[in-house]
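Below is one structure, written out as structure tokens, with a few remarks after it.
One-based numbering, in listed order, for ligands and for the atoms of each.
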Amino acid sequence: MSDRRKFIKLGVAGTAALVTGCVGKNEEAAGDPKGAGGTSAQAKGAIVLSTWDHGMPANAKAWSVLQGGGSVLDAVEQGVGVIESDFSNRSVGLGGMPDRDGHVTLDACIQDHEGRAGAVAFVQRFEHPISIARAVMERTPHVMLVGAGAERWAQENGFSPRDVDIPEVRKAWTEWLKKGEYVPVANVENHDTIGMVAMDAQGRLAGSCTTSGMAFKVHGRVGDSPIIGAGLFVDGEVGAACATGVGELVIRNAGSHTVVELMRAGWDPTDACREAVQRILRKLPDPSGMQVGFLALRKDGSYGGWSVFNGFNYAVRFTEQEALVDAGHELKLP
Ligand code: SD4
């Protein structure tokens with residue numbers, strides 16, 4: 001059916017096109033993509049959503065896992081795993097930007113339909129932190145392992161460390177050291193963390209989130225991405241949400257949990273993301289440089305996103321249709 005596949009780059013106006021179902025010949029295959037309010041759109045059946053443009057190849061992988069009969073948990077693990085293995089990506093996986101001491105440290109988490117969860121934080125030298133996170137969920141009574149303990153546990157459980165030396169990254173760090181200014185650097189190359197939320201044809205949800213975190217962060221810093229309720233939250237009864245951007249702001253506001261709880265209270269996914277962004281902004285006198293984006297999927301197949309600044313986009317995949325959608329935003333970058 002690949003001839004029926006469409007790639008559509010949508011702005012907010014384009015989202016409205018999806019909402020009203022006028023994206024082309026695929027409406028019947030896409031179900032009835034009617035809006036659920038605001039600029040949310042709706043899919044029937046299985047759906048995969050991921051943050052930023054690197055979400056496109058991630059979604060493609062997740063979709064093929066679902067099509068091949070894999071579980072939604074397999075899909076969200078293997079989907080983001082594609083980006084972890086892309087060493088040209090400077091914000092996810094071992095190709096990411098280092099901390100201020102020159103170490104690439106990785107954070108990831110995963111959650112399933114039943115709310116089971118696994119996470120790793122501040123781990124070095126592993127290609128697939130998302131798979132370690134899943135293993136923590138499935139093979140231990142715990143949710144989160146960090147640092148040296150997580151690395152030792154990973155090795156004991158069949159994960160092999162590897163060293164990846166990328167001259168371009170080393171050079172960027174050496175340049176940064178000249179001034180050594182610590183300012184949050186999110187949105188490297190106009191994308192950062194990959195968060196994925198997905199639902200299979202039976203309505204089972206799962207989510208994943210993985211990142212190399214903020215460039216040149218303090219050694220030991222952990223962001224929102226591995227924290228259940230902050231970078232990711234899945235509730236099989238309601239929906240799922242994930243976050244990207246300056247993790248400190250997301251953690252302080254329990255961002256993804258907030259979005260899911262708003263959806264539980266009946267909010268539309270886009271409105272729920274927007275309210276979470278507005279809560280952050282209400283406590284932030286100066287939002288300069290503080291990008292945060294949320295992406296949400298409700299159990300009825302409706303989905304949406306919102307961010308502090310323009311520039312946040314997310315990838316959508318359902319039936320034979322895929323799209324890159326510009327999320328709505330509160331503020332315009334100067
Ligand atoms: C974090 N939300 O660690 C993540 C990713 C990030 O630049 O900020 N990337 O806070």
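Remark: the E77 side chain and the S131 side chain contain an N/O donor-acceptor pair separated by less than 3.5 Å. Defined by atom type and a distance below 3.5 Å, a donor-acceptor pair is present between the side-chain atoms of S50 and N59.
The contact set between ligand 1 and G245, taken as ligand atoms under 4.0 Å from a residue heavy atom, comprises 1 (C), 2 (N), 4 (C), 5 (C), 6 (C), 8 (O), 10 (O). Distances below 4.0 Å separate heavy atoms of R221 from the following atoms of ligand 1: 1 (C), 3 (O), 10 (O). Every atom of ligand 1 with a heavy atom of T211 under 4.0 Å away is listed here by number and element: 5 (C). Applying the 4.0 Å criterion to heavy atoms of S225 picks out, from ligand 1, the atoms 2 (N), 4 (C). Applying the 4.0 Å criterion to heavy atoms of T193 picks out, from ligand 1, the atoms 2 (N), 4 (C), 5 (C), 6 (C).
Within the structure, the closest approach of S91 to ligand 1 does not fall below 4.0 Å when heavy atoms are considered.
The distance between the ring centers of F233 and H257 falls below 6.0 angstrom. A ring-centre distance under 6.0 Å is not found for W153 and F159. In this structure, W176 has its ring center under 6.0 Å from that of F216.
In terms of polar-atom proximity, defined here as any N/O pair under 3.5 Å, A215 makes no such contact with ligand 1. Residue-to-ligand polar distances place D224 within reach of ligand 1: an N/O pair is separated by less than 3.5 Å.
There is no path of hydrophobic side-chain contacts, each under 4.5 Å, that joins V222 to V292. Note on L66 and I110: same hydrophobic cluster, where clusters join Ile, Leu, Val, Met, Phe, Trp and Tyr whose side-chain heavy atoms are under 4.5 Å apart, directly or indirectly.
The option from L249, V246, D192 that lies nearest to atom 9 (N) of ligand 1, judged by heavy atoms, is D192.
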